[in-house]
Amino acid sequence: MILVTGATGKIGSEAVRLLTEQNHPTRALVRAPSRMPGGEAWNGVEIAVGDFDRPDTLDAAMRGIHTVLLISPSVPGQEISVIDSAVRQGVEHVVKITNHKASEDSPVGRRRDHARIEAHLKATGLGYTLLAPNLLMQNLFAVATMIKQTQGFVMSAGDGRFGMVDSRDVSATAAAVAAAPSRHAGRVYLPTGPELVTYADVAKELAEALGHEVEYRRISPDEHRSAMIQAGIPEPAATSNAQVFGLIAGGDAAWLTDDVTSVTGNPPRSLRTFIADHVDAFA
Ligand SMILES: NC(=O)c1ccc[n+]([C@@H]2O[C@H](COP(=O)([O-])OP(=O)(O)OC[C@H]3O[C@@H](n4cnc5c(N)ncnc54)[C@H](OP(=O)(O)O)[C@@H]3O)[C@@H](O)[C@H]2O)c1
């Protein structure tokens, strides 16, 4: 049995759907059942209602589990609680979603957090696989309302290129690993899309799909941080996001791999395909 945490999120919800479709017994850790996808997407999924901040709920969710697909907003105390519960309950393998540039001395808080969690996971002696995707295409939903209202979006990544990946391909990679964990033990995969793009390319692709101009308004990371805080993003997340966009402007995310294809057997979706599939969200 596979337990997926962060199951109502971008990567987790599709991973749960794929694992179930492929007949792998799957349990989804869900904080609020109202956030579960409707329809038939999760037919046959076992649900464990639980919270990263309540270890008793994690222990209950972990019973009888062989492999955990660990996805969370990457708060170290929360992920470490999940890992410790996995150890208590005899889980054998953890597949962790992490960050490619995670390191203890990173200037970015979120990357230091991932490094701390990775070190804890490795120290437990559990089998593990790390999946560190490039920037998710689904992050664009965060600016969908701005695009609808202003025919443009603000971003502080300059003309930096990135190997943007559709989170559905990250889910497929994670599901393939979780379904055959011993084959992937100790490995690190870096899922990316098929091409390097810039936010100017994103604006151009959106404009073509929407049939009107979409303006990419370049702002500085400091301006972006303030705008995100004003929009209600918690200060630490806004700070990390702005730092990351500044790094992307300098080429930090300009990397591609063929890990999606090599793990899943299918090529990753392009930005054009992502936009075609979700054009209504931006119209
Ligand atoms: N976005 C990117 O470009 C990117 C790139 C590389 C790596 N990553 C990594 O990807 C991970 C995030 O994955 P994602 O984008 O799929 O996540 P997401 O869409 O932000 O979803 C977060 C999930 O965590 C759940 N959650 C939050 N607090 C919880 C709690 N206290 N107890 C139980 N569940 C809780 C949420 O449940 P609710 O639905 O109840 O809120 C949701 O299912 C992070 O580690 C991030 O660093 C992201």
Side-chain angles (χ1 to χ4, degrees), residues 3-17 27-37 42 45 47-58 60-62 68-83 85 94-102 106 108-118 121 130-143 155 157 162-175 188-193 197 199 202 228 233-234 236-237 240-241 243-245 247-248 252-253 255 257 259 271 274:
L3 178 72
V4 179
T5 76
T8 51
K10 294 185 281 300
I11 300 168
S13 59
E14 173 68 359
V16 168
R17 190 191 70 74
R27 188 179 295 160
L29 182 80
V30 170
R31 174 165 62 162
S34 61
R35 299 259 304 134
M36 281 164 35
W42 277 21
V45 177
I47 304 299
V49 177
D51 193 304
F52 297 142
D53 294 322
R54 291 185 45 211
D56 57 320
T57 65
L58 298 177
M62 215 61 80
V68 175
L69 173 50
L70 175 54
I71 312 168
S72 86
S74 60
V75 176
Q78 293 184 336
E79 283 204 30
I80 286 169
S81 276
V82 176
I83 293 165
S85 172
V94 173
V95 183
K96 169 173 163 48
I97 301 296
T98 187
N99 189 286
H100 176 30
K101 302 283 174 77
S106 170
V108 182
R110 188 182 302 129
R111 295 178 177 184
R112 290 195 301 275
D113 291 344
H114 274 304
R116 210 179 123 198
I117 300 162
E118 285 180 17
L121 174 58
L130 303 178
L131 251 72
N134 208 310
L135 214 61
L136 301 181
M137 293 179 189
Q138 277 71 3
N139 293 348
L140 292 171
F141 293 137
V143 291
M155 201 58 76
F162 39 89
M164 205 174 213
V165 60
D166 191 314
S167 70
R168 292 173 293 180
D169 294 317
V170 181
S171 308
T173 308
V188 180
Y189 296 111
L190 310 175
T192 73
V197 296
Y199 278 108
V202 170
M228 286 187 277
I233 295 178
S240 279
N241 290 348
Q243 280 175 306
V244 168
F245 287 124
L247 290 169
I248 290 173
D252 181 77
W255 45 273
T257 71
D259 286 355
L271 177 63
F274 166 81

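All values below were derived from every heavy atom in this structure, side-chain atoms included, with hydrogens, water molecules and symmetry-related copies excluded. Atoms within each ligand, like the ligands themselves, are counted from 1 in listed order. Counting from 1, the numbers follow the sequence of the chain as shown.
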> Identify which of N99, V49, T98 has a heavy atom lying nearest to atom 7 (C) of ligand 1.
T98
> Judging by distance only, is a nitrogen or oxygen of L135 under 3.5 angstrom from one on ligand 1?
no
> Would T98 and E118 count as having a side-chain donor-acceptor pair, cut-off 3.5 Å?
yes
> So which of S72, A7, S171 gets nearest to atom 11 (C) of ligand 1, if we judge by its closest heavy atom?
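Ranked by closest heavy atom to atom 11 (C) of ligand 1, first place is S72.
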> Heavy-atom distances under 4.0 Å decide this one: backbone, side chain, both or neither, for R31 against ligand 1?
side chain
> Identify which of I71, L70, N134 has a heavy atom lying nearest to atom 5 (C) of ligand 1.
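Considering heavy atoms of I71, L70, N134, the nearest to atom 5 (C) of ligand 1 sits in N134.
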> Would you mind running through ligand 1 and noting each atom that sits below 4.0 Å from a heavy atom of K10?
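Every atom of ligand 1 under 4.0 Å from some heavy atom of K10: 15 (O), 16 (O), 18 (P), 19 (O), 20 (O).
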> Hey, which of S72, S81, S85 is the one that makes side chain to side chain contact (heavy atoms under 4.5 Å, CB included) with F52?
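That would be S72.
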> I need the atoms of ligand 1 closer than 4.0 Å to a non-hydrogen atom of I11, numbered in the order shown.
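Taking each heavy atom of I11 in turn, ligand 1 has 13 (O), 16 (O) under 4.0 Å.
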> Q78 near ligand 1, heavy-atom distance under 4.0 Å?
yes
> How are the rings of Y199 and F162 set to each other: parallel, tilted or perpendicular (split at 30° and 60°)?
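Ring orientation, 0 to 90° scale: tilted.
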> Parallel under 30°, tilted from 30 to 60°, perpendicular over 60°: which one fits the rings of F141 and F274?
tilted
> What residue and atom, counting heavy atoms only, is the protein's closest point to atom 42 (C) of ligand 1, and at what distance?
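Atom 42 (C) of ligand 1 sits closest to the protein heavy atom T8 OG1, 3.6 Å.
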> Run the numbers for me: atoms of ligand 1, each under 4.0 Å from some heavy atom of R110, listed by number.
47 (O)
> Does even one non-hydrogen atom of H114 get within less than 4.0 Å of ligand 1?
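Heavy atoms of H114 do come under 4.0 Å of ligand 1.
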> With side chains defined as the heavy atoms from C-beta onward, is the minimum distance between D252 and H100 less than 4.5 Å?
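In short, these two side chains do not touch, never coming nearer than 4.5 Å.
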> Backbone, side chain, both or neither: what part of N139 comes under 4.0 angstrom of ligand 1, heavy atoms only?
side chain
> Enumerate the atoms of ligand 1 whose separation from the nearest heavy atom of P73 is less than 4.0 angstrom.
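In order of number, 24 (O), 27 (C).
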> Would you say the side-chain atoms of R112 pair up with the backbone N or O of A102, donor to acceptor, closer than 3.5 Å?
no
